[in-house]
Amino acid sequence: HFPFMKGPHLVSDLEDSFHPVVGTLTQLADCVLLPPGSWPFNLRLSPTCGATRSQYTPFTMSDRLEVMMGHLSAASPQPSCCSAPGGGPGYRSPLEAMKAPREKFIYLPCIYRNTGIKQPDYVATVDMDPASPTYSKVIHRLEMPNVNDELHHTGWNACSSCFGDPTKSRNRLICPSLISSRVYVVDTGTNPRAPRIHKVVEPTDLYWKTNLANPHTTHCLGSGEIMISAIGDPAGNAKGGFVLLDGETFDVKGTWNREEDSTEFGYDFWYQPRHNVMISTGWGHPKLLAYGFNPEHVAQGKYAQSLYVWDWTTRRRIQDIDLGPEGAIPLEIRFLHNPDEPQGYVGCALSSNVFRFFKTERGDWATEKVIDIPSKKVEGWALPEMPGLITDILISMDDRFLYFSNWLHGDLRQYDITDRRHPKLVGQLFLGGSICKGGPVRVTHDQELKEQPDPLVLKGQRRIGAAPQMLQLSLDGKRLFVTTSLYSGWDKQFYPDMIREGSLMFIVDVNTEVGGLSINPDFLVDFGQEPHGPALAHEMRYPGGDCTSDIWL
């Protein structure tokens with residue numbers, strides 16, 4: 001009992017929605033929790049951090065706790081990642097991020113699984129400085145210690161969600177392996193030009209502690225922890241859930257969500273704490289998509305077509321939104337960067353539509369289709385109609401432009417989304433794809449184009465196995481970075497020449513005034529020329545943060 005408390009409060013007495021401060025006193029057998037209205041000292045713990053009991057700031061005897069006249073004070077409290085004054089990683093706001101210095105180099109995973117080359121995947125460092133003699137060259141390769149991992153998407157240990165914490169630093173690149181279920185923690189802080197492995201989280205840690213597998217998207221949390229979405233269970237079946245890593249040790253702590261709230265499918269996620277929400281997406285069954293795509297599995301319900309809405313504070317799944325056949329395989333999801341905005345967009349791959357999701361006046365969430373890419377009737381392909389296959393999507397930091405790639409059709413698109421409900425196409429650029437002139441596919445009916453686009457020609461040679469896929473945007477919005485590999489099993493099926501020739505990386509210059517896309521002729525990374533043979537390069541990250549990793553609280 002303390003005089004400023006209305007009564008004894010123990011951990012076991014509190015509901016998940018209760019937001020106390022924990023005072024750990026070694027003389028007591030349990031933790032004493034102070035009701036929020038009773039805090040007699042200056043400390044802010046924001047519920048929007050998604051904190052639970054285990055994340056509350058501890059005060060131990062080493063903190064020189066003093067209980068005097070009903071006042072608890074801490075001489076050196078452990079800082080909260082969300083609430084301490086500035087000095088941490090990232091930027092104060094999305095608009096501040098746009099003023100950051102130009103990127104000097106970029107990291108991207110390169111994959112050998114399904115290529116016939118028995119070499120480990122690696123993280124490549126590419127020089128992005130136009131003034132450098134090694135501009136557009138791979139200047140370092142960090143090989144993983146295992147083969148057949150399938151490195152895929154990556155993320156940071158800390159980002160703008162920890163901007164207020166000077167003890168945090170964006171110095172570890174988290175690299176989940178989609179097939180092996182390993183998670184590599186890469187040290188990018190000691191020598192940014194030559195990263196090194198800091199830790200390996202083995203698959204058994206995920207299997208035994210979370211009953212999840214096939215980790216995909218990584219986001220740092222304001223609590224200092226790291227959250228990774230999973231798309232399956234250890235048996236290769238579809239299952240959506242979220243793995244939590246400790247932000248200091250990188251040990252697996254367990255799952256963010258409760259087991260009973262696991263989703264049928266998993267893939268990507270984005271959270272918006274000011275609206276107490278997270279929304280996640282789904283792909284398919286890992287054991288079915290591992291080596292290719294079978295359209296029959298879609299009809300059998302083996303691929304996702306729903307969004308899953310979560311209460312960010314209680315970590316409970318509160319709503320499922322069935323997008324129907326027009327929302328088949330919703331992959332990448334993006335809230336607008338402005339943390340006050342209760343809306344965003346999701347790209348649906350198979351149906352090649354973009355849906356806007358938004359908070360309603362009732363307080364629940366709804367969707368509407370805002371972009372529809374029509375399929376093309378074709379001959380000489382596996383099916384009589386070819387979808388665009390929207391595989392990546394992102395939003396500029398000022399929330400003005402939306403970009404996505406049609407991996408099968410082969411074009412990049414830029415939309416002005418100033419009118420959120422009515423995106424306007426302002427830029428389009430073909431970089432290869434499956435419908436180019438002179439190829440095996442003939443388009444018999446096209447609702448958009450009058451003729452098939454010209455092929456991609458590089459250094460006098462036609463590149464058949466290439467199409468825009470993964471995207472990243474410079475913080476100032478003026479350079480769009482593009483790679484061509486989707487996923488090794490699907491690369492091999494849809495672009496077998498990419499397996500033989502390797503993937504590519506481009507820079508596309510962006511007109512940020514009125515819209516428009518043009519390829520930068522001075523930049524090209526050809527991963528067909530790698531020391532161990534052609535590699536498949538995928539997602540891109542640069543040390544200063546980017547448009548698909550940083551989230552603001």
Hey, is [X] close enough to [Y] for a salt bridge, meaning N to O under 4.0 Å?
X: Arg170; Y: Asp550; result: yes
X: Lys376; Y: Glu448; result: yes
X: Arg113; Y: Asp149; result: no
X: Asp121; Y: Arg141; result: no
X: Arg334; Y: Asp268; result: yes
X: Asp419; Y: Arg421; result: no
X: Asp416; Y: Arg400; result: yes

(request) Take Glu341 and Arg274 through the test salt bridge (charged side-chain N to carboxylate O under 4.0 Å, His left out) and record every step on the way to the result. (result) CA-CA 9 Å; Glu341 285 277 8; Arg274 294 188 190 181; over 6 Å; no

Interatomic spacing from [atom1] in [X] to [atom2] in [Y] - rounded to 0.5 Å:
X: Leu108; Y: Met505; atom1: CG; atom2: CE; result: 6.0 Å
X: Ile174; Y: Leu245; atom1: CD1; atom2: CG; result: 6.5 Å
X: Phe357; Y: Gln343; atom1: CZ; atom2: CD; result: 8.5 Å
X: Asp392; Y: Leu394; atom1: CG; atom2: CG; result: 6.0 Å
X: Phe293; Y: Phe494; atom1: CZ; atom2: CZ; result: 6.0 Å
X: Cys348; Y: Ile329; atom1: SG; atom2: CD1; result: 9.5 Å

Does [X] reach the side chain of [Y], with side-chain heavy atoms less than 4.5 Å apart?
X: Ser488; Y: Glu150; answer: yes
X: Leu331; Y: Val346; answer: no
X: Lys104; Y: Met128; answer: no

Going by atom types only, do [X] and [Y] share a side-chain donor-acceptor pair under 3.5 Å?
X: Asp187; Y: Asn171; result: no
X: Asp411; Y: Gln428; result: yes
X: Ser434; Y: Tyr495; result: yes
X: Thr313; Y: Asn276; result: yes

Polar side-chain atom of [X] near backbone of [Y] as donor-acceptor pair, under 3.5 Å:
X: Ser229; Y: Tyr267; result: yes
X: His538; Y: Ser485; result: yes
X: Ser280; Y: Phe269; result: no
X: Ser405; Y: Trp407; result: no
X: Ser352; Y: Gly388; result: yes
X: His275; Y: Asp340; result: yes
X: Gln452; Y: Ile435; result: yes
X: Gln319; Y: Trp365; result: yes
X: Arg541; Y: Thr154; result: yes
X: Asn214; Y: Leu178; result: yes

(request) May I ask you to check whether over 12 heavy atoms, not counting those of Lys437, lie within 6.0 Å of atom NZ? (result) yes

(message) Looking at Lys478, I'd like to know if its NZ atom is crowded, meaning that more than 12 non-hydrogen atoms belonging to other residues, nucleotides or ligands lie closer than 6.0 Å.
(response) no

Counting the benzene-type ring for Trp, do [X] and [Y] have ring centres under 6.0 Å apart?
X: Tyr107; Y: Tyr542; answer: no
X: Phe250; Y: His198; answer: yes
X: Trp256; Y: Tyr271; answer: no
X: Trp283; Y: Trp490; answer: yes

Minimum heavy-atom distance between [X] and [Y], given as atom pair plus value:
X: Gln472; Y: Cys547; answer: OE1-N, 3.3 Å
X: Cys175; Y: Leu151; answer: O-CD2, 4.1 Å
X: Pro423; Y: Ile417; answer: CB-CG2, 4.0 Å
X: Pro195; Y: Thr125; answer: CD-OG1, 3.5 Å
X: Phe481; Y: Met540; answer: O-CE, 3.4 Å
X: Gly528; Y: Asp526; answer: N-OD1, 2.8 Å

(request) Would you please test Leu173 and Tyr184 for side chain to side chain contact (heavy atoms under 4.5 Å, CB included) and show each step? (result) CA-CA 8 Å; Leu173 185 67; Tyr184 295 99; over 6 Å; no

(request) Only one of Tyr403, Phe401, Phe404 passes ring pair (Phe, Tyr, Trp, His ring centres under 6.0 Å) with Tyr415; say which it is. (result) Phe404

(request) Apply side-chain hydrogen bond (donor to acceptor under 3.5 Å, both in side chains) to the pair Asp320 and Ser306, showing each step before the final yes or no. (result) CA-CA 7 Å; Asp320 293 359; Ser306 295; over 6 Å; no

(message) side-chain hydrogen bond (donor to acceptor under 3.5 Å, both in side chains) for Gln469 and Thr391? Distances and angles first, verdict last.
(response) CA-CA 6 Å; Gln469 205 287 111; Thr391 51; 2.9 Å; yes

(request) Using the six-membered ring of Phe358, assess whether NZ or CZ of Arg356 lies under 6.0 Å from its centre and within 45 degrees of the ring axis. (result) yes

(request) Just do the side chain to side chain contact (heavy atoms under 4.5 Å, CB included) check on Thr217 and Ile228 with the steps written out, would you? (result) CA-CA 5 Å; Thr217 298; Ile228 307 174; over 6 Å; no

(message) Does Glu332 form a side-chain hydrogen bond (donor to acceptor under 3.5 Å, both in side chains) with Thr281? I'd like the steps, not just the answer.
(response) CA-CA 7 Å; Glu332 311 297 342; Thr281 65; over 6 Å; no

(message) Quick one, Leu456 with Arg462, criterion side chain to side chain contact (heavy atoms under 4.5 Å, CB included). Give me CA distance, side-chain angles, the key distance, then yes/no.
(response) CA-CA 6 Å; Leu456 178 66; Arg462 173 175 176 149; over 6 Å; no

(request) Let me see the working for Trp270 and His219 under ring pair (Phe, Tyr, Trp, His ring centres under 6.0 Å), right down to the final yes or no. (result) CA-CA 8 Å; Trp270 197 285; His219 279 301; 5.3 Å; yes

(message) With side chain to side chain contact (heavy atoms under 4.5 Å, CB included) as the criterion, how do Ser503 and Met498 come out once you've worked through the C-alpha distance, each side chain's angles and the decisive distance to 0.1 Å?
(response) CA-CA 6 Å; Ser503 65; Met498 190 190 306; 4.1 Å; yes

